[in-house]
Amino acid sequence: MDGTAAAKVQQRWVDTLPALLEVNNVEVVYNDVILVLRGLSLKVPQGHIVALLGANGAGKSTTLKAISGLLKTEEGEITRGDILFAGERLNGIDPDRIVRKGIFQVMEGRRIIADMTVLENLRLGAFTRSDGDIRRDIEMVYGYFPRLKERTGLAGYLSGGEQQMLAIGRALMARPKLVLMDEPSMGLSPLLVKEVFGIIQRLNKDLGITILLVEQNARMALSVASYGYVMEQGKIVLDGTAEELANNEDVKEFYLGGHGAERKSFKNLKSYKRRKRWL
Ligand SMILES: Nc1ncnc2c1ncn2[C@@H]1O[C@H](COP(=O)(O)OP(=O)(O)OP(=O)(O)O)[C@@H](O)[C@H]1O
Ligand SMILES: [Mg+2]
């Protein structure tokens with residue numbers, strides 16, 4: 001086998017597709033001293049759902065905030081590396097300009113505005129839009145989430161599941177190309193988790209929205225994603241197609257099994273090998 005053939009065999013699936021988002025060797029520091037992302041790299045191919053898995057404190061939310069420009073509000077800063085969206089560098093750009101470029105983050109804990117109505121929350125999602133055609137999009141959101149149409153009171157009175165739907169609906173109002181979702185399953189009953197993930201899948205299929213999905217519910221995330229990354233302590237430690245990850249012994253033991261079993265450090269597992277690809 002010559003060199004080119006060998007390179008072909010080794011090429012990862014994710015590298016064969018055009019990337020909408022590329023995070024290259026990114027380092028993030030909070031308050032000038034706390035190093036949280038330590039050279040994180042990942043790719044999100046156009047039109048796909050990519051899962052980002054990891055234990056509490058691994059740096060998943062920080063990764064999303066680095067992409068959406070929201071680190072600034074938390075005294076966080078990208079000190080190394082690049083974030084590229086459709087080939088354009090996003091580092092240092094203000095969050096509202098990043099929304100205008102087509103990236104919308106659905107925050108952890110939903111963050112809807114409790115003392116506004118559902119409709120007002122949805123309109124807020126369209127704040128960057130200059131075209132006046134917002135009514136049609138509101139109807140589209142109600143099409144995905146019929147329950148929201150019936151809720152005419154303040155958003156604060158919605159159930160947890162309905163608030164999650166509103167948070168996703170609000171993102172749709174921005175007509176995003178890429179949606180960053182931070183733990184959409186958090187606090188939802190198994191039935192609602194299924195419903196929300198079904199909708200995430202439809203948004204990807206019907207509207208062609210690319211999704212970077214942060215989740216602790218690995219089983220659910222890998223069931224809708226085509227590719228996945230596992231991060232630990234601010235770095236990617238494993239990646240592969242959703243099927244590869246779902247069948248990986250370490251992932252099974254650490255994220256898919258467990259019933260209260262003690263969580264070992266991922267990197268201490270026998271079959272784990274740190275990958276030096278980006279270093
Ligand atoms: N604004 C901040 N200032 C200082 N440290 C922070 C800040 N935000 C997060 N951190 C620290 O960065 C690390 C990663 O946090 P992050 O919220 O990104 O993790 P996560 O993977 O999203 O965790 P979880 O699963 O609990 O949501 C944690 O140790 C956290 O304490
Ligand atoms: Mg988080």
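Side chains included, hydrogens not; waters and symmetry mates left out as well; all remaining heavy atoms used. Start at 1 and go down the list; that is how both ligands and their atoms are numbered.
Nearest protein neighbour of atom 24 (P) of ligand 1, counting heavy atoms only, is Asn56 ND2, 3.6 Å. Nearest protein heavy-atom contact of atom 2 (C) of ligand 1 is Tyr30 CD2, 3.4 Å. The protein non-hydrogen atom at the shortest distance from atom 18 (O) of ligand 1 is Thr62 OG1, 2.5 Å. The protein heavy-atom contact nearest to atom 14 (C) of ligand 1 is Gly57 O, 3.4 Å.
Look at Ser61 and the Mg ion (ligand 2): an N/O/S atom of the residue is under 2.8 Å from the metal.
In this structure, atom 10 (N) of ligand 1 is in close contact with the protein, since a protein heavy atom lies within 4.0 Å of it.
Ring geometry for Trp13 against Tyr227 counts as parallel: the plane angle stays under 30°, on a 0 to 90° scale with 60° as the upper cut.
Between the side chains of Ser185 and Glu215, at least one donor N or O lies within less than 3.5 Å of an accepting N or O.
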Go through the steps for Asp239 and Leu42 under the test side-chain contact (heavy atoms from CB on, under 4.5 Å), then give the verdict. CA-CA 9 Å; Asp239 65 288; Leu42 57 81; over 6 Å; no
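Cluster partners of Val99, by chain and number: Phe104, Phe127. The rule joins Ile, Leu, Val, Met, Phe, Trp and Tyr whenever side-chain heavy atoms lie under 4.5 Å apart.
When the heavy-atom distances from atom 13 (C) of ligand 1 to Leu37, Val36, Val214 are ranked, the shortest goes to Val36.
Residue contacts with ligand 1 for Gln216 involve side-chain atoms from C-beta outward but no N, CA, C or O (heavy atoms, distance under 4.0 Å).
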